[in-house]
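In what follows, a structure is listed as structure tokens, so that the remarks can point back to it.
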Amino acid sequence: MNENEQLTQTEEIQVEAETQAEKEYPVKNLQKKWYKAILYAAGLIALAFGIQIIIGGAAGIFLLIQAVLESRFSADVSPDEMTKILEDSGIINLVSAAASFAMAVTFGLWYKLKHAKHCAMAQIKETMKSAFTPSKTALFILTAVACYTIAVCTTLLIGYALPDTLDQYLDMAELVFEDGPLTLIMSLLFAPVAEECLVRGLIQRRLESYFPMIAVLLIESVCFGILHGNLVQGLYVIPLAMVTGYLSYQYRSVIPTILFHMLYNFMPRIINLIPEEITDRDGVWFAAAVILTAGVIVMQKVFSKKETQDAAKV
């Protein structure tokens with residue numbers, strides 16, 4: 001199967017998916033009902049936070065009881081002592097992984113039942129073939145690297161403007177993202193599945209029935225930022241949200257977005273292989289972001305032109 005046939009099948013899949021979306025969300029009186037999509041998004045984000053709070057709260061109560069018992073039923077456990085107990089126990093990392101897993105199961109099943117209940121394996125294979133041709137795979141990888149460098153640049157800018165905010169985030173990240181297999185599984189599997197099924201699979205699909213695509217990408221990016229619960233991540237994940245939102249719209253599936261998210265989350269481990277003498281220089285990151293972004297734009301235009309020329313020959 002050549003790229004032209006794959007492109008045609010992708011278009012057919014997209015038309016079929018859009019027709020199904022129109023059946024799910026009838027397009028009438030949209031101007032009067034757009035707020036329902038916003039409320040739907042807000043409700044899902046609240047549910048995500050609720051899952052994290054319930055799991056985190058249960059773990060906190062368990063540790064508090066344990067701390068009281070170990071101090072012979074004394075309630076004189078200061079906040080600093082409690083923080084130290086949490087740090088030493090490593091339970092914060094465990095709780096984060098458990099919450100991420102619970103969200104992946106909840107929103108993964110929700111998305112499956114809502115939008116992919118009748119999705120056959122053959123359709124998934126065709127989506128993968130059309131999304132990962134050699135040229136598109138190269139663009140896919142380059143875009144992931146560009147998004148990561150932009151995220152680093154955003155973090156650096158936040159550090160210049162709000163150093164205390166960045167320090168607080170780094171302290172939190174050190175507790176949550178401890179080095180180890182659990183963090184690796186959480187960042188490369190649980191989090192991508194949970195966040196993509198929730199934001200791109202459920203929220204974006206609903207928004208697409210009420211807003212133009214540009215507005216959809218902006219709103220789902222804001223939702224994605226809010227989902228991370230802090231200013232630093234909320235800002236630096238915006239490029240990731242825009243790209244995955246576009247992929248979800250283009251292929252009518254969260255599979256390409258999950259894979260892109262996995263690659264993005266794996267980038268820090270690749271960057272760690274680069275000598276610190278290079279990565280510690282802020283200018284290197286800003287230069288890399290500009291060069292890589294320009295490369296993505298040029299590559300996209302070249303591939304789009306080639307696809308148009310190939311389609312004209314058919």
Side-chain angles (χ1 to χ4, degrees), residues 35-57 92-93 95-112 114-115 144 147-148 150-151 154-155 158 165-166 168-170 172-173 175-177 183 185-208 210-211 215-249 254-268:
Y35 63 89
K36 291 185 177 181
I38 301 297
L39 292 175
Y40 179 77
L44 287 176
I45 292 175
L47 175 59
F49 280 122
I51 292 173
Q52 296 177 61
I53 291 171
I54 290 173
I55 294 177
I92 294 180
N93 183 248
V95 168
S96 297
S100 187
F101 173 75
M103 289 171 57
V105 172
T106 300
F107 297 118
L109 289 175
W110 193 333
Y111 171 78
K112 171 65 177 177
K114 185 72 174 178
H115 298 292
C147 281
Y148 184 78
I150 294 173
T154 303
T155 304
I158 294 173
T165 299
L166 181 60
Q168 291 173 3
Y169 164 73
L170 293 176
M172 179 274 295
L175 290 175
V176 175
F177 304 111
T183 296
I185 295 172
M186 177 174 62
S187 62
L188 297 185
L189 182 60
F190 298 160
V193 171
E195 294 171 2
E196 295 305 320
C197 288
L198 169 58
V199 181
R200 258 63 69 177
L202 295 173
I203 292 177
Q204 179 170 321
R205 284 290 185 90
R206 179 63 66 91
L207 292 173
E208 287 173 5
Y210 294 84
F211 297 96
V216 169
L217 291 177
L218 292 174
I219 296 171
E220 62 90 10
S221 295
V222 171
C223 292
F224 191 53
I226 293 173
L227 182 64
H228 285 78
N230 64 82
L231 178 64
V232 177
Q233 280 184 298
L235 291 176
Y236 77 59
V237 298
I238 289 177
L240 171 63
M242 297 291 283
V243 172
T244 50
Y246 175 76
L247 289 173
S248 176
Y249 173 76
V254 297
I255 294 177
T257 74
I258 289 173
L259 294 175
F260 187 92
H261 199 148
M262 288 178 174
L263 178 59
Y264 175 92
N265 282 0
F266 189 69
M267 286 304 302

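We count residues from 1, following the sequence as given. Computed from a prediction, not measured in an experiment: that's the story for all the values here.
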Stepwise side chain to side chain contact (heavy atoms under 4.5 Å, CB included) check, Val216 with Tyr246
CA-CA 10 Å; Val216 169; Tyr246 175 76; over 6 Å; no

In the structure I gave you, are the side-chain heavy atoms of Val199 and Gln204 within less than 4.5 Å of one another anywhere?
no

Should Thr244 and Phe224 be marked as a side chain to side chain contact (heavy atoms under 4.5 Å, CB included) after you check the CA-CA gap, both sets of side-chain angles, and the distance that decides it?
CA-CA 11 Å; Thr244 50; Phe224 191 53; 5.7 Å; no

With a 4.5 Å heavy-atom cut-off, do Leu259 and Tyr264 have their side chains touching?
no

Thr106 side-chain N/O to Ala102 backbone N/O, donor-acceptor pair under 3.5 Å:
yes

In terms of heavy-atom contacts, does CZ of Phe101 have more than 12 from other residues, nucleotides or ligands at under 6.0 Å?
no

Over all atoms of both residues, closest heavy-atom pair of Ile55 and Ala98
CD1-O, 3.8 Å

Indicate yes or no for a side-chain donor-acceptor contact from Asn265 to the backbone of Leu188 under 3.5 Å, with no hydrogens or angles considered.
no

Is the shortest side-chain heavy-atom distance between Gln52 and Met103 below 4.5 Å?
yes

Is there a side chain to side chain contact (heavy atoms under 4.5 Å, CB included) between Phe260 and Cys147 once you walk through the steps?
CA-CA 10 Å; Phe260 187 92; Cys147 281; 4.2 Å; yes

Please find the pair of heavy atoms, one from Glu220 and one from Ala241, that lie closest to each other, and give the distance.
OE2-O, 2.7 Å

The reported gap from CG in Leu109 to NZ in Lys114 (rounded to nearest 0.5 angstrom) is 15.0 Å

Taking the side chain as every heavy atom from C-beta outward, state whether Ile45 and Ile203 have any atom pair closer than 4.5 Å.
yes

Do the non-hydrogen side-chain atoms of Leu44 and Phe107 ever get within less than 4.5 Å of each other?
yes

With rounding to the nearest 0.5 angstrom, report the CG to CG distance, Leu227 to Leu198.
5.5 Å

Any donor-acceptor pair under 3.5 Å linking the side chain of Ser248 with the backbone of Gly245?
no

For Tyr40 and Tyr210, which I'm curious about, is there any donor-acceptor pair between the side chains at under 3.5 Å?
no

Parallel, tilted or perpendicular for Tyr111 and His115, by the 30°/60° rule?
tilted

Taking the side chain as every heavy atom from C-beta outward, state whether Ile185 and Phe190 have any pair of such atoms under 4.5 Å apart.
yes

When rounded to the nearest 0.5 angstrom, what is the spacing between CG in Leu170 and OG1 in Thr165?
11.0 Å

Strictly by modelled atom types, are Arg200 and Thr257 linked by a side-chain donor-acceptor pair under 3.5 Å?
no

For Pro256 against Leu247, the heavy-atom pair lying closest together
O-CD1, 4.3 Å

After noting the C-alpha distance and the side-chain angles of His228 and Glu195, does the key distance pass the side chain to side chain contact (heavy atoms under 4.5 Å, CB included) rule?
CA-CA 10 Å; His228 285 78; Glu195 294 171 2; 3.7 Å; yes

When rounded to the nearest 0.5 angstrom, what distance separates NE2 in His261 from CG in Leu263?
11.0 Å

In short, Ala191 meets Ser100 closest at the heavy-atom pair N-OG, 3.2 Å

Any idea which heavy atoms bring Gly56 and Val95 closest together, and the distance?
CA-CG1, 3.6 Å

What is the distance from atom CE of Met267 to atom CG of Leu240, rounded to the nearest 0.5 Å?
12.0 Å

Test item: Cys197 and Leu202 side chains (from C-beta on) under 4.5 Å apart, heavy atoms:
no

For Gly234 and Val237, the nearest pair of non-hydrogen atoms, with its separation, is O-CG2, 3.9 Å

Any side-chain heavy atom of Ile38 sitting closer than 4.5 Å to one from Ile219?
yes

